[in-house]
Amino acid sequence: MTATIIDGKAFAARVRGQVAEHVARLKADHDIIPGLAVVLVGEDPASQVYVRSKGRMTVEVGMNSFEHKLEADTSETDLLNLIQKLNNDPQVNGILVQLPLPGHLDEDLVINTIAPEKDVDGFHISNVGLLGTGQKSMVPCTPLGCLMMLREHHGSLSGKEAVVIGRSNIVGKPMAQLLLGDSCTVTIAHSRTRDLPEVVRRADIVVAAVGRPQMVPGDWIKPGATVIDVGINRIDKVDGGTRLVGDADYDSCAATAGAITPVPGGVGPMTIACLLANTLTATCRANNINEPENLTA
Ligand code: NAD
């Protein structure tokens, strides 16, 4: 079997197009422009790249982008004060604090200071609880992007066996909650799981979110299963330089799977598209305007 490639880049462009249409309508009908504030503390090069592309895409869909760059030694009090200011700013509908933060800052405290309704990353403890109890919440962007791709590919996910490899708070756990919400039978596998290959072999849907290059080989994949590869790992090429690979061994998995997301060009582009979708959702909720249903969980 040769797997269908789930083109996350094209899907993300469509999602951004839909967000842009809704943003234009919000402006025309309600004179509202959604605003996303991104806070970056320090000069981590990867974070700077992410923040730049988030800002560019925010503006491209017609939203306001507010970037706050703080020194690496910014005090916790100053950061919390900035978040409170953004919480109270009616121009700001979404707040994202770029992680990781420098070691002297308490990440949990910082995230939980964001107003839950503006927490477009979906990491605030209230949103985690709402998602866990099946209530309307802000949903973490990467798992939301995975869910959108799975729904588009399969239609209904009801009754499917799903195995999520990885139990992090930002990917694995919320992914499992979302799949459960769509009535999958969900297993969360992790570093202590016994006989991981056998666990993965029973899955109709495999979501790999481990951070270990190419660790899932094709012979773990049930023929015809869907593989969603969240991993982003940089490895050395044999002829020099580096390249990005996922947590799945793409070639062998693509030979067995029914569908697979490539790395790059799969889950990655969906993450920023979902951040913009979440900012739109937050804006609609803040203004009691119906939110677009297909852009959230
Ligand atoms: P993490 O390090 O927080 O969690 C990794 C999880 O994998 C842990 O729960 C651990 O139990 C599990 N694990 C580790 N070794 C294992 C093993 N041998 N067998 C089974 N499970 C094992 O990582 P994370 O933040 O969840 O990210 C996972 C990957 O996804 C990373 O490569 C990261 O770069 C990538 N990522 C991509 C996006 C995106 O936009 N595409 C977003 C977030 C994370």
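Treat the numbers as computed from the prediction; the structure is a model and nothing was measured. We count ligands from 1, going down the list as the structure has it; atoms in each ligand are counted the same way.
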**Q** Could you state the interatomic distance from OG (Ser137) to CG (Leu130), rounded to the nearest 0.5 Å?
**A**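 Going from the OG atom of Ser137 to the CG atom of Leu130 covers 5.5 Å.
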**Q** Check each heavy atom of Arg212 against ligand 1 and say whether those closer than 4.0 Å belong to the side chain, the backbone, both or neither.
**A**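 The answer is the side chain.
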**Q** List the closest protein heavy-atom neighbour of atom 43 (C) of ligand 1: residue, atom name, distance to the nearest 0.1 Å.
**A**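 It is Val171 CG2, 3.7 Å.
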**Q** Counting from 1, what ligand 1 atoms have a heavy atom of Thr271 closer than 4.0 Å?
**A**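 So the answer, numbered in order with elements, is 39 (C), 40 (O).
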**Q** Measure from the side-chain N and O atoms of Asn287 to the backbone N and O of Ile289, and report whether any donor-acceptor pair falls under 3.5 Å.
**A**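 The answer is no, because no donor-acceptor pair under 3.5 Å joins these two groups.
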**Q** So, Thr296 side chain and Pro292 main chain: donor-acceptor pair closer than 3.5 Å or not?
**A**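 No, the answer is negative, given that no donor and acceptor are paired below the 3.5 Å cut-off.
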**Q** State the atoms of ligand 1, each with its element, that fall below the 4.0 Å cut-off from a heavy-atom position in Met215.
**A**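 Contacts of ligand 1 toward Met215, numbered from 1: 19 (N).
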**Q** Which of the atoms of ligand 1 are close to Ile170, meaning less than 4.0 Å from one of its heavy atoms?
**A**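 Listed by number with element, the hits are 25 (O).
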**Q** Starting from atom 5 (C) of ligand 1, what is the nearest protein heavy atom, named by residue and atom, and what distance separates them?
**A**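 Its nearest protein heavy-atom neighbour is Val210 O, 3.3 Å.
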**Q** Among protein heavy atoms, which sits nearest to atom 29 (C) of ligand 1, and what does the distance come to when rounded to 0.1 Å?
**A**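 Here the nearest protein heavy atom works out to Gly211 N, 3.6 Å.
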**Q** Can Glu21 and Arg16 be counted as an ion pair, charged N to O under 4.0 angstrom?
**A**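 Arg16 and Glu21: not salt-bridged.
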**Q** Is any side-chain heavy atom of Lys118 closer than 4.5 Å to one of Leu86?
**A**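 When only atoms from C-beta onward are counted, Lys118 and Leu86 do not touch, as no gap falls below 4.5 Å.
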**Q** Please answer whether the main-chain N or O of Val120 pairs with a side-chain N or O of Asn278 as donor and acceptor at a distance below 3.5 Å.
**A**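 Side chain of Asn278 to backbone of Val120, a donor-acceptor pair under 3.5 Å: yes, one is there.
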**Q** Among all protein heavy atoms, pick the one closest to atom 33 (C) of ligand 1 and tell me residue, atom and distance.
**A**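 Here the nearest protein heavy atom works out to Ile232 N, 4.2 Å.
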**Q** Report yes or no: does a heavy atom of Gly268 sit under 4.0 Å from some atom of ligand 1?
**A**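 Yes; Gly268 lies near enough to ligand 1 that a heavy-atom distance drops under 4.0 Å.
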**Q** Check ligand 1 against Leu196 and write out every atom of the ligand that is under 4.0 Å from a heavy-atom position of the residue.
**A**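 Near Leu196, the atoms of ligand 1 are 19 (N), 20 (C).
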**Q** Is Thr261 reaching over with its side chain to a backbone N or O of Asp229, donor-acceptor style, under 3.5 angstrom?
**A**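 Between the backbone of Asp229 and the side chain of Thr261 there is a qualifying donor-acceptor contact (under 3.5 Å).
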**Q** Considering only the protein, which heavy-atom contact is closest to atom 42 (C) of ligand 1, and what is its distance?
**A**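 Checked against all protein heavy atoms, atom 42 (C) of ligand 1 sits closest to Thr142 OG1, 3.2 Å.
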**Q** Could you verify whether a donor N or O on one side chain and an acceptor N or O on the other, from Lys54 and Gln98, lie under 3.5 Å apart?
**A**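 There is such a pair between these side chains.
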**Q** Would you indicate which of His190, Lys173, Arg167 comes nearest to atom 20 (C) of ligand 1 when only heavy atoms are counted?
**A**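 Answer by nearest heavy atom: His190.
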**Q** Enter the distance from Glu71:CD to Leu79:CG here, rounded to the nearest 0.5 Å.
**A**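 The CG atom of Leu79 is 13.0 Å from CD of Glu71, to the nearest 0.5 Å.
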**Q** Polar-atom distance check: Gly172 versus ligand 1, any N or O pair below 3.5 Å?
**A**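 Not met; the criterion fails.
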**Q** Can you report which non-hydrogen protein atom sits closest to atom 35 (C) of ligand 1, along with the distance?
**A**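 Here the nearest protein heavy atom works out to Val230 O, 3.4 Å.
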**Q** Using a 4.0 Å cut-off to any heavy atom of Asn233, which atoms of ligand 1 qualify?
**A**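 Result: 32 (O).
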**Q** I need the nearest protein heavy-atom contact for atom 11 (O) of ligand 1: residue, atom name and distance, please.
**A**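 Nearest protein contact, heavy atoms only, for atom 11 (O) of ligand 1 is Ser191 N, 3.3 Å.
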**Q** State the atoms of ligand 1, each with its element, that fall below the 4.0 Å cut-off from a heavy-atom position in Ile165.
**A**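 So the answer, numbered in order with elements, is 20 (C), 21 (N).
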**Q** Among protein heavy atoms, which lies nearest atom 1 (P) of ligand 1, and at what distance?
**A**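 Result for atom 1 (P) of ligand 1: Ser168 CB, 4.0 Å.
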**Q** Strictly by modelled atom types, are Arg56 and Ser65 linked by a side-chain donor-acceptor pair under 3.5 Å?
**A**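 On atom types as modelled, these side chains do not qualify, holding no pair under 3.5 Å.
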**Q** Do Asn233 and Gln214 have a side chain donor and acceptor closer than 3.5 Å?
**A**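 Looking only at side-chain atoms, Gln214 and Asn233 do not form any donor-acceptor pair under 3.5 Å.
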**Q** Do side-chain atoms of Thr74 reach the backbone of Leu70 as a donor and acceptor pair under 3.5 angstrom?
**A**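 Pair absent, no side-chain N/O of Thr74 close to backbone of Leu70.
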**Q** Could you check which of Cys146, Gly166, Pro174 puts a non-hydrogen atom nearest to atom 12 (C) of ligand 1?
**A**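 It is Gly166 whose heavy atom sits nearest to atom 12 (C) of ligand 1.
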